[in-house]
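Notes for the one structure printed next.
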Amino acid sequence: MRRLVRHAIVAIALYLGAVAVAEEAPLTNANVVAMTVAGLPPAVIVAKVAASPQTEFDTSAEQLVSLTKAGVDASVLEAMVKVEAGLPVVSAGEGTTLKVAASPAANVPSNFEGTPCERPGIYLDENGALVDIDVTSIASSNSGSGILTGITYGIVPTRARAVVDGAHSRTRTAQRAPTFWFCFEESQAGLSYLATGAMNPSEFRLVAFKVRERKDHRTFEIGRFAIWGGRSGPSPRELRDTEVDKVKPGVYRVRTERLLPGEYGFYATGTAALGGGFGLSTGVGLRVFPFGVDDA
């Protein structure tokens, strides 16, 4: 009887040891892919990466590309790279997605500390309170004199104007010279999800919209072509001056000149490419950050 008990104890010990060894097995790329395919949320996979005592990730460029094609989320890839580099993976707070500790690069969201910025975006400063300016896509574009340009062999210029739905912006201010905050991040080359590709305010221009009340939209010029050449971007008459102060990497205070009551917007330059010949690109896909100035 005692011999049977001893055998049972040894068997249990061996089993528990085997389980412990299995649990201590390093986490690998294959494990991450398996969890992804199984449908686990990225936050859970990142948590597993953070909690694993041992990892054996291959984070070469080729493997990162392969993992991306396999559907592994960017936040998981970032955690894997950081773990292999010996950097910690920390929680972003209870109830939120885990994220990697601050990057050594300067212009990341964690660099917003000590500034009014809390997340990437463009904000209107209303007496110290930041008002989020919604990004708006260009609905369509039109050309006012394309036929005449062709008839006159380019002597009469073609002007293309971007069309923004709605005659008035939801973001309003009574300030005649409002101040804005541009809060950039590093991880997605631009204002986070906005994907403008811009990295600082110098790549945005402030334009005055032409309001079409009856058609319920706003427009601004995005290019002009004639026989003597072309120009991409708004008419100088529509541009308004701004003054940019770099508060710290990724954080900028932008002051405008004195503005008349009307409709305005910031748009990323370079996104309204001119087409060949006397044609112009549609402008659809442009993203602008509109606001309105009201009478005080």
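Position 1 is the first residue of the sequence, and the numbers go up from there. Worth saying up front: this structure is predicted, and the values here are computed from it rather than measured. Hydrogens, waters and symmetry mates play no part in the numbers below; they use all other heavy atoms, side chains included.
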According to a hydrophobic-cluster definition based on side-chain heavy atoms being under 4.5 Å apart (Ile, Leu, Val, Met, Phe, Trp, Tyr only), do Val211 and Phe220 belong together? no

Over all atoms of both residues, closest heavy-atom pair of Gly166 and Arg218: O-NE, 2.5 Å

Heavy atoms, side chains only, cut-off 4.5 Å: are Leu27 and Gln54 in contact? no

Before you tell me yes or no, could you show the steps for Ser169 and Glu263 under side-chain hydrogen bond (donor to acceptor under 3.5 Å, both in side chains), namely the whole-Å CA-CA distance, both residues' side-chain angles and the distance that decides it to 0.1 Å? CA-CA 7 Å; Ser169 170; Glu263 301 297 321; 4.9 Å; no

Do Thr219 and Val164 have side chains that get closer than 4.5 Å, going by heavy atoms? no

For residues Val293 and Arg176, determine if any side-chain heavy atom of one lies less than 4.5 Å from a side-chain heavy atom of the other. yes

Please enumerate all residues that pass ring-ring contact (aromatic ring centres under 6.0 Å, His included) together with Phe180, with sequence neighbours excluded. Phe266, Phe291

Taking the side chain as everything from C-beta on, heavy atoms only, tell me whether Phe112 gets closer than 4.5 Å to Cys183. yes

Under 4.0 Å between a side-chain nitrogen and a carboxylate oxygen: does that hold for Asp165 and Lys215? no

Side-chain touch Val46/Ser75, heavy atoms, less than 4.5 angstrom: yes

Between the side chains of Thr55 and Glu84, does any donor sit under 3.5 Å from an acceptor? yes

Ring centres under 6.0 Å, that's the criterion: do Tyr123 and Phe182 meet it? no

Can you check whether Ile222's main-chain N or O pairs, donor with acceptor, with Arg161's side chain at less than 3.5 Å? no

Heavy-atom count check: over 12 atoms from other residues, nucleotides or ligands less than 6.0 Å from Arg172 CZ? yes

Mind checking what makes side chain to side chain contact (heavy atoms under 4.5 Å, CB included) contact with Glu257, not counting sequence neighbours? Arg240, Asp241, Leu259

Could you tell me which residues satisfy side chain to side chain contact (heavy atoms under 4.5 Å, CB included) with Arg255, sequence neighbours excluded, listed by chain and number? Thr179, Glu243, Asp245, Arg253

Would you check if Val247 and Trp181 make a side-chain contact, meaning some heavy-atom pair closer than 4.5 Å? yes

Is any NZ, NE, NH1 or NH2 atom of the basic residue among Glu238 and Arg205 found under 4.0 Å from an Asp or Glu carboxylate oxygen of the other? no

Are Leu40 and Phe57 connected in a single hydrophobic cluster, I mean Ile/Leu/Val/Met/Phe/Trp/Tyr linked by side-chain heavy atoms less than 4.5 Å apart? yes

Which atoms form the tightest heavy-atom contact between Cys117 and Val251, and what is the distance? SG-CG1, 3.8 Å

Check whether any side-chain N or O of Asn31 sits under 3.5 Å from a backbone N or O of Thr28 as a donor-acceptor pair, and report yes or no. yes

Would you call Val81 and Leu64 a side-chain contact if the rule is heavy atoms closer than 4.5 Å? yes

Is the shortest side-chain heavy-atom distance between Val32 and Val76 below 4.5 Å? yes

